[in-house]
Protein chains: 2
Amino acid sequence: MDDVAARKGRSKNRAGERAARIQDVARLAEVSTATVSRALATPERVSKEARARVLAAIARTGYVPNPAARSLRSQKTNMILVVLPDLANTFFSKILHGIEETLFAAGYGMIISDLDGSPAKEAHFAAFTAAGRVDGAILLNGHLFGQSRDGKGKPANITVPLVALCEAIPGADIPQIGIDNRAAARKMTEFLVSLGHKRIAYVSGPAANVLEKERFRGYRDALRAANLPFEQDLVIPGDYTLETGVAAGRQLIARANLPTAVFCTSDEMAIGLIRTLTLAGVNVPTEVSVAGFDDIEFAAAAEPALTTIHQPRRELGQAAAKVLIDLLNGRPSADRILLETALVKRDSVAPPR
Amino acid sequence: MDDVAARKGRSKNRAGERAARIQDVARLAEVSTATVSRALATPERVSKEARARVLAAIARTGYVPNPAARSLRSQKTNMILVVLPDLANTFFSKILHGIEETLFAAGYGMIISDLDGSPAKEAHFAAFTAAGRVDGAILLNGHLFGQSRDGKGKPANITVPLVALCEAIPGADIPQIGIDNRAAARKMTEFLVSLGHKRIAYVSGPAANVLEKERFRGYRDALRAANLPFEQDLVIPGDYTLETGVAAGRQLIARANLPTAVFCTSDEMAIGLIRTLTLAGVNVPTEVSVAGFDDIEFAAAAEPALTTIHQPRRELGQAAAKVLIDLLNGRPSADRILLETALVKRDSVAPPR
DNA sequence: CAAAGTGATGTAATCGATTACACGAACTTT
DNA sequence: AAAGTTCGTGTAATCGATTACATCACTTTG
C-alpha cells in the first residue's frame, strides 16, 4: 500500500474522516457508483426512488465530486485562463469583472496570469495551457503565447480555443473582441477640430502596441480630412501610464508655443498631463484642452472632469467570455466583435481662445 | 471502448496526434513509466544515462505531465483561490499583483473569485474549496466561507489552509495579514488636530465592516486624547465609493457651519468629496482640509493632491501569499502580520484659517 | 565467504469519477 | 406466444501519473 494518505493527511478534515467519495454515497444509497454518477449528470435516466436515495445520501455525506478525477476522465477542467499584460493597471479590473461574471454563470472558473513583461512567465503559461490545465484562454496582451509578433496561426501545441480581447493579434486566426480604435481616435480628433482647434498634440502609447497604431491612424485620418498639417513635433511619446502623462506635460510646458489641444490616448496620461499643466499655471481647458481615452472611473472625478472616449469595459469582458464559451460548446461564433464607443463630453475640452 | 476521445477530439492537436503521455515517453526512452516519473521528480535517483534518454524523449514528444492525473494521485492542485468582495474596485488590483507574483514564483496558480455580494457565489466557492480544487485560499472579503459574521473557527468541510488579508475575520483561527487600521486612523486624526483643526468630520465605510470599526475607533481615540468633543453630526455615512464621497460633499455643503477638516476613510470618497466641494466654490484646503485613506494611484494625481494614509498594497499581497505558502509546506508561520502604514502629506490638508 | 547493504529499475496498485456494454424486467407489437 | 423495445441498473475498463514493493546486479563488511 502506498502512503500518500498517511503522509499528507490530505483527505481528512479536522474530525479525521476522509472526504466522501462516490463509493461512499453509493454504499449508503444501496446503488452502484454508476447510478450515483447518473443521478447527478442525467437525472432523467434514473428512477425517482433511486434518485431520492442518492440525493439523501449525498446530503448526509456532504459529498462533492472530486474535480481531478472528473477532469482526468472527461478531459475538461472548467477553467479558463485570462492573460494580462499588467494586473495592477486600473483599466483591466472592470474587464475582468465582466469576464468573471460571465464565466461563473456558465460554470467556469477563472485563472489569472499577469505577464508583467516576463517572456519566461508567458512561456510557462503557454505550457500550462498546452498541458490541458484550462479549457480555453482569453488573451489581453496582444500576442499569442510564445510567438513573435509576426507569427501566424496558433502554436501547434496549444489545442484549446483562444480569444483575443482589446488588443487584436495581427495574423492570428482566433476571434477578436474589442473596439474600433481608429474610428474612436478619429471621432475625438474630429471633435477637437470641430471646436476650432488647429494645433492638436497627440500623446501616444507604446510604439509597438497595436492599439497605439490604430489610434494614431485615426488621429491622422481626422487631420487629413480637415486639411490640417501633421506636425511630428506634436507627437509626444507615452506608454499609457500616469507618469508619462506627467512627462508629456513637462515637455509641453517647455515649448515656445503650446498647442491648443492635446489628445492623450489614455485617461491616466491625460490626468497626469492636466495636473502638470495646472501646477505650471496653464489652465485647462481655457488655455489648453485635454482629451483622454478609456473613461476609467476617475475620469469623471478628475479636475476638470475629463472629456474622453468611453470603452464599455464590462461588456467587453462579457463578450469575450461569451465567445469563448460558445467555442467550447461547439457553437458558431463571431470571429470579430467591435463594441460601440462613445465620446463623453465633460469639462477638460473647450473651444480655443 | 468508450467514446470520449472520439466525441471531443480532446487530446489531439491540429495535426491529429494525441498529446504525449508518460507511456509514450517511456517507450521512446526504453524505460518504464516509473523511471520517467522519477527522472522528473527525483533526478538524483535515476542513472545519468536513463535521465538523458528520458529528457531526449520528452523533448522529442513535447511531453507535459497531465495535471489532472497528477492532482488525482497526489491530492494537490497547485492552485490558490483568492476571494474578493469586488474585483472592479481599484484598491485590489495592486494587492492581486503582489499575490500573483509571489504565488507564481512558488509554482502556484491563482484562481479569482469575485463575490460581488452574492451569497450563492460564496457558497459555490466554499464548495469549490471543500472539493479540493485548490490547495489553499486567501480571503479579502472579511468573513469565512458560508459563515455568519459571528461564526467561530472554520467550517468543518474546508480542510485547506486559509489566510485573511486586509479585512481581519473576527474569531477565526486563521492567520491575519493587514495593517493597523485603528492606529493609522488615529495617526491621521492626530495630524489634523496638530494643525489646529477642532471640528473634524469623519466619512465612514459600511457600518458592518471590520475596517470601518477599527478606523472609527482610531478617530475617536485621537479626539479623546486631544480632549475634543465627539459630535455625532460630524459622522457622515459612506461605503468607500466615489459616489458616497460626492453624497457626503453635498451633505456638508448644505450645512450651516462647515467643519474645518474632513477625514474620509477611503481615497475614492475623498476625491469625490473634494470635487463636490470645489464645484460648490469651497476651496480645498484653504476652507476645508480633506484627508483620505489607502493612497491609491490617483491620490497623487488628484487636484489638490491628496493627503492620505499609504497602505503597502503590493507588499500586503506578497505577505499573505508567503504565509499561505509556508502553511502549505508545513513551515511555521506568523498568525498575525501588520505592515507599516505611512502618513503621506500632500496638498489637500492645511491648517485652518 | 556469506550476509547485508546499496542503487537502479520495473511491475502494478492506486487516486475517484465516468460511461460503454451487458443484463434482466416490464411492456409492446405482430 | 414469440420477438422486439424500453428502462433502470450494475460491472468493470478507462483517464494518466505516482510510488510502494519487488527484483536484480553489484559492492561492502564481519
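Any value given below was found using the heavy atoms of this structure, including those in side chains, with hydrogens, waters and symmetry copies removed. So you know, we letter chains A, B, ... as the sequences are listed, proteins then strands, and number each from 1. Small disclaimer: the values here were computed from a predicted structure and weren't measured.
The CD1 atom of B/Ile111 sits 11.0 Å away from atom CG of A/Leu81, with the distance rounded to the nearest 0.5 Å.
Heavy-atom minimum distance, A/His97 versus B/Leu87: N-CD2, 3.9 Å. Summarising the geometry of A/Lys76 relative to A/Ser71, their closest heavy-atom pair is O-OG, 3.1 Å, with the distance given to 0.1 Å. Taking each heavy atom of B/Thr129 and B/Val160 in turn, the nearest pair found is CG2-CG2, 3.5 Å.
Here D/dT14 presents its C1' atom at 17 Å from CZ of A/Arg70, a figure rounded to the nearest Å. Between B/Gln23 atom CD and D/dA17 atom P there is a gap of 8 Å when expressed in whole angstrom units. Rounding to whole angstrom units, CG of residue A/Asp24 and C1' of C/dC15 are separated by 14 Å. Note: NZ (A/Lys76) to P (C/dT19) measures 11 Å, nearest angstrom. Following rounding to the nearest Å, B/Leu72 (CG) and C/dT14 (P) show an atom-to-atom distance of 14 Å. When the C1' atom of C/dA13 is taken as reference, atom CD1 of B/Ile22 falls 15 Å away, rounded to whole Å. If you measure from atom CG of A/Leu40 to atom P of C/dG16, you get 17 Å, rounded to the nearest angstrom.
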Between the protein and nucleotides 6-11 of chain D, list the N/O to N/O atom pairs that are separated by less than 3.5 angstrom.
{"residue": "D/dT9", "atom": "OP1", "partner": "A/Ser47", "partner atom": "OG", "Å": "2.8"}
{"residue": "D/dT9", "atom": "OP2", "partner": "A/Ser47", "partner atom": "N", "Å": "2.9"}
{"residue": "D/dT9", "atom": "OP2", "partner": "A/Ser47", "partner atom": "OG", "Å": "3.2"}
{"residue": "D/dG10", "atom": "OP2", "partner": "A/Ser32", "partner atom": "N", "Å": "2.7"}
{"residue": "D/dG10", "atom": "OP2", "partner": "A/Ser32", "partner atom": "OG", "Å": "2.9"}
{"residue": "D/dG10", "atom": "OP2", "partner": "A/Thr35", "partner atom": "OG1", "Å": "2.7"}
{"residue": "D/dG10", "atom": "N7", "partner": "A/Arg38", "partner atom": "NH2", "Å": "2.9"}
{"residue": "D/dG10", "atom": "O6", "partner": "A/Arg38", "partner atom": "NH1", "Å": "3.3"}

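For the ring pair (Phe, Tyr, Trp, His ring centres under 6.0 Å) test, residues two or more places apart in sequence or in another chain that qualify with B/Phe125 are A/Phe104, B/Phe128.
Near DNA chain C, meaning a heavy atom under 4.0 Å away, there are no residues from residues 54-68 of chain B.
A donor-acceptor pair is defined here as one N or O able to donate and one able to accept, closer than 3.5 Å; no such pair exists between the side chain of B/Asn141 and the backbone of B/Pro85. A/Arg38 places no side-chain N or O within donor-acceptor distance of the main-chain N or O of A/Val46, the cut-off being under 3.5 Å.
Shown are B/Val82, B/Leu144, B/Leu115, B/Leu165; of these, the side chain to side chain contact (heavy atoms under 4.5 Å, CB included) with B/Leu139 is made only by B/Leu144. Residue A/Ile80 is tested with A/Ile99, A/Ile325, A/Leu324 for a side chain to side chain contact (heavy atoms under 4.5 Å, CB included); the sole match is A/Leu324.
Neither OP1 nor OP2 of C/dT14 sits under 4.0 Å from any side-chain N or O of B/Arg73.
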